[in-house]
Amino acid sequence: MDKVVISVAQDFSDTPAGRYRADSPRSGQQFREDILLPALKRGERVEVDLNGTLGFGSSFLEEAFGGLVRHGLTAKDLHERLSIKSSIPIYVKRVWQYIDEEDARR
Amino acid sequence: MKRLSLSAKQRNLRLTLWGLRKRQKRALAGVRRRKKHANVKPRLRVDIVAPERFCIRRTVDRSKFISFLDAVESALGSGGRPRLNFSKVSELQPCGTLVFRARLDTWLHAYPARITCTYPKNDIVEQLFQHIGILELLGLQSRKAEITHDHVRDWHYHCGSRMDASIYRELTLSIRDRIDHPERALFADCLNEAVYNTVNHAYEFEAPGLPAPDQRKWWMFSQVKDGRLFVAIYDFGVSIPASLLRRPEWRDYARLRSRDGHLIEAAAASERTSTKLSHRGKGLPEMLEFSRKLRDGGLSIISRRGAFVFTAGSGHLQRRKYPVPLPGTLVLWEMPFLGRNDNG
């Protein structure tokens, strides 16, 4: 299976922030719906590179990644097909925390 | 009774008609005159002297400063043309200056071309007012060819109505690697979340005194001074205590602890979020968490009559109560830079 690499800074924005489209021009919802989810729905393995941005904010990360579970994907599937790359380990930890917490609520 | 001739009757009729027309003409002129005066109400110029210090944190200064803002608001509301006399202003704190800049935005939008001002006498005050656009907004030309004072050059002003981190990109870029913090990269995340908190919660319901819908913004100042970064974020919204009291899950807590300082502390320090969704409303808790690992500096959150102050280093938490309420919410964040010499 091919792996698609998505760079948030290059493919989306270097100033991602905020949860919803209505509140922010570079929101987590927009990233998930326009970039991340289409790649995952094609059944591909996806690596998301978080390097190169000027921060995120927990609202962006939660909506982008925790939102995947709210919109039908499972944590198990995501652990198999999604990988997160960042020079700041806490971002990687948070992404998986948001995914697993949302899955536990389902 | 004497019988009138036909010509006399005709003359009388002409006179009556002439009298009627004259009265009608006079009445119409009166209506026109009244309409004209109704459209141009006489507006009195009201001289309002600004206080020496623009400061929200210190109780005495805050009372004088907020009285000044109220006087301007009241003059505008009663149809006057306030002229702000800045001759006595000698100290501009980021907290007070940011609140003034925000109020000025909303006044100028609601009452265009009604406020004027005098030049400040203090050179640094004039430089700063020029630097952050206050003089220009109030119709005065910039007199300073360049901004020379170190404490002025490093003030930066941003404002927006949506969560757009590109607005303050330069600020984030210039300082994020310089903060003395073991996880300094997370500064940008906290800043984004603090601004997003404002976009999301500050104007979440209607309340008396809120600005017009297109003026519901966040305002930000940053200043680098003596090896430290100050960031102030203000919204003119419903305030943290009012916001919490509207939420059913907070009501019981709020009944027991009715003081604003307690409620602000709860919003910042509690695991409980302002909505039932556990992933919402984490802006203030994240700022506090980040501040706990600072060597010094701290975080202050001021809203309505209360304040919650965290002092980094000692870890001291304090609640404050003010006699005069501040509309909206003001967040003040202070942090040291790497390599800062504490003795110098």
Side-chain angles (χ1 to χ4, degrees), chain A residues 8-9 12-32 49-71 75 84-106, chain B residues 158 160-177 179 181-204 216-218 220 231 233 271 273-290 293:
Chain A
V8 177
F12 184 65
S13 169
D14 68 343
T15 51
R19 182 177 293 277
Y20 301 120
R21 283 180 196 268
D23 308 324
S24 163
R26 299 160 192 93
S27 66
Q29 180 188 14
Q30 189 180 349
F31 175 71
R32 186 190 72 236
D49 184 353
L50 301 178
N51 292 311
T53 68
L54 291 174
F56 294 94
S58 55
S59 296
F60 177 92
L61 290 178
E62 204 291 329
E63 190 58 36
F65 295 97
L68 291 171
V69 180
R70 285 193 290 279
H71 289 82
I84 308 294
K85 183 178 161 188
S86 175
S87 58
I88 301 169
I90 196 159
Y91 284 153
V92 181
K93 189 180 158 195
R94 280 185 182 178
V95 165
W96 289 114
Q97 182 189 331
Y98 294 140
I99 289 171
D100 292 335
E101 278 178 3
E102 194 55 40
D103 196 71
R105 270 194 282 271
R106 300 278 111 191
Chain B
H158 312 279
S161 53
R162 298 180 76 201
M163 171 65 251
D164 185 353
S166 66
I167 294 173
Y168 47 87
R169 176 201 303 266
E170 295 310 316
L171 165 70
T172 315
L173 266 175
S174 64
I175 53 105
R176 66 172 186 169
D177 296 327
I179 298 166
H181 191 285
E183 292 166 339
R184 62 186 66 91
L186 297 182
F187 164 78
D189 298 68
C190 291
L191 189 63
N192 287 349
E193 216 49 30
V195 173
Y196 188 60
N197 213 43
T198 297
V199 172
N200 230 350
H201 298 299
Y203 307 103
E204 63 185 336
R216 294 178 183 180
K217 301 179 190 173
W218 52 265
M220 185 195 292
V231 181
I233 304 167
E271 286 299 307
T273 61
S274 62
T275 69
K276 280 187 173 173
L277 301 171
S278 61
H279 54 264
R280 296 281 302 274
K282 288 184 173 173
L284 297 176
E286 284 184 7
M287 285 178 108
L288 180 61
E289 207 46 49
F290 185 88
K293 292 181 185 168

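Letters go in sequence order (proteins before strands), and every chain restarts at 1.
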S.K.: Heavy-atom cut-off 4.5 Å, strictly under: side chain, backbone, both or neither for B:N192 against chain A?
M.R.: side chain
S.K.: Whether the A:D14 and A:T53 side chains hold a donor-acceptor pair (N or O, under 3.5 Å, no angle test) is what I'd like checked.
M.R.: no
S.K.: Quick one about B:N200 and A:Y20 (side-chain donor to acceptor, distance below 3.5 Å, no hydrogens or angles considered), yes or no?
M.R.: no
S.K.: Considering only heavy atoms, which portion of B:R176 lies under 4.5 Å from any heavy atom of chain A: side chain, backbone, both, or neither?
M.R.: side chain
S.K.: Where does A:S27 contact chain B at under 4.5 Å (heavy atoms): side chain, backbone, both or neither?
M.R.: neither
S.K.: Using ring-ring contact (aromatic ring centres under 6.0 Å, His included), reason through A:Y98 and A:F65 one step at a time and then give a plain yes or no.
M.R.: CA-CA 7 Å; A:Y98 294 140; A:F65 295 97; 8.6 Å; no
S.K.: May I ask you to name which of B:L191, B:V195, B:L186 has the most heavy-atom pairs under 4.5 Å with chain A?
M.R.: B:L186
S.K.: State plainly whether the residues A:R106 and A:E101 are in salt-bridge range, i.e. N to O under 4.0 Å.
M.R.: no
S.K.: Which answer fits A:L54, side chain, backbone, both or neither, if we ask what part of it has an atom under 4.5 Å from a heavy atom of chain B?
M.R.: both
S.K.: In terms of heavy-atom pairs under 4.5 Å with chain B, which of A:A22, A:G66, A:P25, A:S13 leads?
M.R.: A:P25
S.K.: When you measure from the side chain of B:E193 to the backbone of A:S59, do you find a donor-acceptor pair of N or O atoms at a distance under 3.5 Å?
M.R.: yes
